[in-house]
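None of the values given here were measured: they were computed from a predicted structure. Quick note on labels: first sequence line is chain A, next is B, and so on, each numbered from 1.
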Amino acid sequence: MPMTNREVAAVLERVGQILEIRGENPFKARAYYSAARTIESLGEDVNKVVADGELGQIPGFGEALTAKVTELVTTGRMKYLDEISSGLPDGLLGLLEVPDVGPKKVKLFYEKLGIKSVEELEEAARAGRLADLPGMGEKSQAKILAGIQQRKEHKGRWLLSEALPLAKRIFAEVEGVKGVRRASLGGSIRRMRETIGDIDILVSAADPAAVIQAFTALDGIERVLAAGDTKGSAVFKPGIQVDVRVVEEESYAAAQHYFTGSKEHNVHMRQLAKDRGWKLNEYGLFDGDAPLPAKDEKALFARMGMDFVPPELREDRGEIEAALAHGLPALAEEDDVRGAFHIHSNATDGSMTLEQLAAEAKSRGYSYLVISDHSRAVAVANGLDEERVRRQWAEIKKLNAKLKGLSIFRSIEVDIRKDGALDYGDEILRGFDCCIAAVHSSFTMPSADMTARIIKALSNPCVDILAHPTGRLLLEREPYAVDIEAVLSACAKHNVAVEINAQPSRLDLDWRFVRTGRELGCRFAVGLDAHHKEDFDWAGLGVAVARKGWLAKGDILNCMSAAQFKRWLSGRRRRRR
DNA sequence: GCCGTTTTCGGCCCGACTGTTTTCAGTCG
C-alpha cells in the first residue's frame, strides 16, 4: 500500500528527532525536518514524484535524502531509521512534547536516570531525582512537572475558536495600557491556524516594564511563567499561554513580521534578505549596521521588493515567490460572503425555526439562506423522510413569498451511504434547489473503499456540494482514510463545489487541501453547518480557511449574489440532463 | 545532510529568557 505524503513526512520528522537526541550534527537533523515539511506541502503525490525520478530536483533533497525517501516509498521501510533508533526506546520521542524538555534533556534523563517515557519522567520529578542532575535544579524540576500536568489536561493545543475571544480580550487590555503606541496579535492566531499553542501579542510602548507589569496583573491568570523587561508570559484560564513582547517603535514592523511567523516563512525571508546582502531580524532590516527603515509591514515587504503578504498566507508555501512576482491572489474577505450555506432547522437537529433562521441571516447581512437539514439515514439527528421534505418545501415557498431582502433555497444535507448511493432517489433529489452530500457513518473503511464511495456519490449529477470532505474533528478525531486528491479531482471533473465547513472543530476541508483543490480547478462553498444562533459567528473562521487556501471571492459560491448562485445551479442542471 | 563562482569545505537565523551557574547551556519561537 503506497504511503501518503503525511506518513512519509512523519518518518523524516522522526529521523530528525532521533538525530537530535543522539547528539548528531543539528544541521543534519534540520535537513530531515526541512525535507519533512517539503513533502507535507508538496501538493503532489510523493509516490508519483519518486516514480517520475523528480525528487532529486526538489531543493533540500540531495543524494542521501533522495535515496532514503525513494527506499521508503518503494519498500515501506527506511533502513537508516532502524539503524539510528536501535537501542532507543519508543517513548523517548514523546518526552520532547513536554515543555522545557528538548533533545539535550531527553539525552540527559535517559543516560543518567534511564527515563524512557513521560510517565517515568513524571515519577522521577515527583521523587525529586531530576533536581540533582547537572544543569538542573529545583525550579527546573518543578517546571517540568507543571508542564507534564498542563499537557495532560489540554494536550497543549486549543481550537482557534477557544483562543480567539481570550486573545481579543487580553489584546484590548494590553493595548489600553498607558504609553502603548501600537499593538498587534502575532503568531498562529494572527495567521488563523485551526489550532493554536499559545497567544502572542506584540507591543510598542514608551515604558516596556509597565506593560509587562500590567499584563502580569490581568484578571484570569493562573500563573505567571516569565516577567522580564521586554517579555512577559502567563497561563490564563482555562490553561492558554499568552506571551507579550515589547519592542522599540523603530523595530515594530520587523518585530510584527517576525512574531507573526511562521517560522518557515521567517527563515525564508531572512535568507532572501541575506541574498540581497542584508540582514533581517526582529529588530529591523539592515544593510550592514545601517537600518533600512520601514514604518509598517507593508513598507517592510516593499523594501524587499515584495507585495504585502497577508498573515494567513505566511506558511512558506510559495507566498514569498508570488509576492516577489506581484502574483498573490486578492483574497476573499468575510464581507464578500452573501449567502449563508448549510443551515439546519429545528425540523432535524437545529434549534431554530425557518422563520428565526431567516431573521438571523438577515440581521447578519446575508441576502440568501441555504436550508440543508439532514436526510433520513441520519436518524440520530431526526433526518427528514420524503413527506417531511415536501412539507418543508411548502413552508419555504410560503416564507419566500413573504420575506423581503432575503431568499431561501431548498437544500438538503443528503447522506452518502456506505456503498456510495445517496439517501434519497433521484426524483426527490431533483426537487431540491441544491444538494449537499456528506459522509456520516462507517468512518473506518479502508481508504480505497472510502474514496470510491465518495467519488460514486459525486458522480450523481444531483450533487452540487460535498460537505466536510474528510470528517475530521480537530483535537478529537482524525480524518477518515481517503485519497483526498482523488476526491478533489472528481469534484473538479463533475463541477461539484467543495465545502469549507466553518464549525470550529471541523474547519474541513483543511486549508492545505483547499490550496490543492484550487489548483485542480475546484469551486468552494463556506458552510456554516449552523445548528444554533451562535454558529453564525463562525463564518469568519471558514473565510480564514479559504484565505489560507489562497481563495479569491470568485472561487467561493457564497460570494455570489442569490441570482448568480441560482444561475450556477441551473447551469449544472442543464448539463446533467 | 544540503548547498555552492567569494564553494567541494564550511556554513547552515539568532536573540530572549530562565535557571543554573560564576560565564553559560538549553529551550523556545
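When the C1' atom is compared between B:dA16 and B:dG10, the two are found 28 Å apart, to the nearest whole Å. Spacing of C1' atoms, B:dA25 relative to B:dT20, comes out at 9 Å, to the nearest Å. Taking atom P in both B:dT21 and B:dG26, the straight-line distance is 13 Å, to the nearest Å. Across the C1' atoms, B:dC9 and B:dT22 are found 37 Å apart, a figure rounded to whole Å. Comparing B:dC13 with B:dC24, their P atoms are spaced 23 Å from each other, to the whole Å. Across the P atoms, B:dT5 and B:dG1 are found 23 Å apart, a figure rounded to whole Å. With P as the reference atom, B:dT23 and B:dG29 are 30 Å apart, rounded to whole Å.
Base pairing analysis places B:dG15 opposite B:dC28; the two distances defining the Watson-Crick or G-U wobble pair are each below 3.5 Å.
Side chain of A:Arg30, nearest nucleotide from B:dC13, B:dC2, B:dT27: B:dC13. For A:Lys105, taking side-chain heavy atoms from C-beta onward, the closest of the listed nucleotides B:dG26, B:dG29, B:dA16 is B:dG26. Of the listed nucleotides (B:dC13, B:dC28, B:dG29), B:dG29 has the atom at the smallest distance from the side chain of A:Asp198. Looking at the side chain of A:Tyr32, the nearest of the listed nucleotides B:dC13, B:dG1, B:dC17 is B:dG1.
Because its NZ or CZ atom is not both nearer than 6.0 Å to the ring centre of A:Tyr258 and within 45° of the ring axis, A:Arg314 does not count as a cation-pi partner of that residue.
For B:dT27, the OP1/OP2 oxygens have no side-chain nitrogen or oxygen of A:Lys143 closer than 4.0 Å. Residue A:Tyr33 places none of its side-chain N or O atoms closer than 4.0 Å to OP1 or OP2 of B:dG1. For the pair A:Lys68 and B:dG1, the criterion of a side-chain N or O lying under 4.0 Å from OP1 or OP2 is met. The side chain of A:Ser188 places no N or O atom within less than 4.0 Å of a non-bridging phosphate oxygen (OP1 or OP2) of B:dG29. A:Tyr283 has a side-chain polar atom (N or O) that falls below the 4.0 Å cut-off from OP1 or OP2 of B:dA16. Look at A:Ser140 and you'll find a side-chain N or O under 4.0 angstrom from OP1 or OP2 of B:dT20.
Residues A:Leu551 and A:Phe524 meet the side-chain proximity criterion, which asks for heavy atoms closer than 4.5 Å. A:Glu319 is listed as a side-chain neighbour of A:His265, based on a closest heavy-atom distance under 4.5 Å.
Along DNA chain B, the nucleotide nearest to A:Arg245 and the one nearest to A:Asp100 differ in position, and the one closer to the 5' end is contacted by A:Arg245. Each of A:Thr66 and A:Phe27 lies near DNA chain B, and the nucleotide nearest A:Thr66 is the one positioned closer to the 5' end.
Looking only at distances, no side-chain donor or acceptor of A:Arg515 sits under 3.5 Å from a matching main-chain atom of A:Lys548. A:Asp296 contributes no side-chain N or O that, together with a main-chain N or O of A:Ala253, makes up a donor-acceptor pair within less than 3.5 Å. Using modelled atom types, one side-chain atom of A:Asp45 and one backbone atom of A:Asn47 make a donor-acceptor pair closer than 3.5 Å.
Using a 4.0 Å heavy-atom distance criterion, A:Thr230 is classed as a sugar-phosphate-only contact. Residue contacts for A:Pro134: at a heavy-atom cut-off of 4.0 Å it reaches no nucleic acid atom on any strand shown. Within the nucleic acid shown, A:Asn25 comes within 4.0 Å of at least one base atom, counting heavy atoms only. In this structure, A:Ala227 reaches the sugar-phosphate backbone alone: every heavy-atom distance under 4.0 Å involves primed, P, OP1 or OP2 atoms, never a base. Within the 4.0 angstrom heavy-atom criterion, only backbone atoms of the sugar-phosphate kind lie near A:Lys104; the bases stay farther away. Here A:Pro26 lies out of heavy-atom contact (under 4.0 Å) with every strand.
Summarising the geometry, the separation between CD1 on A:Ile18 and P on B:dG1 is reported as 14 Å, rounded to the nearest angstrom. Between the CG atom of A:Leu225 and the P atom of B:dT27 there is a distance of 17 Å, given to the nearest Å. In this structure, NZ of A:Lys139 is placed 17 Å from C1' of B:dT27, rounded to the nearest angstrom. Here B:dG26 presents its P atom at 12 Å from CD of A:Glu20, a figure rounded to the nearest Å. Atom OH of A:Tyr80 is separated from atom P of B:dG1 by 5 Å (rounded to the nearest Å). In this entry the distance linking CG of A:Asp243 with P of B:dA16 reads 15 Å, nearest Å. In this structure, A:Glu248 places its CD atom 16 Å from P of B:dG15, rounding to the nearest Å. When the C1' atom of B:dC17 is taken as reference, atom CD1 of A:Ile212 falls 12 Å away, rounded to whole Å.
Look at A:Arg182 and A:Glu249 and you find a salt bridge, because one of the NZ, NE, NH1 or NH2 atoms lies within 4.0 Å of a carboxylate O, short of that distance.
Within 6.0 Å of CG in A:Asp52 there are more than 12 heavy atoms belonging to other residues, nucleotides or ligands.
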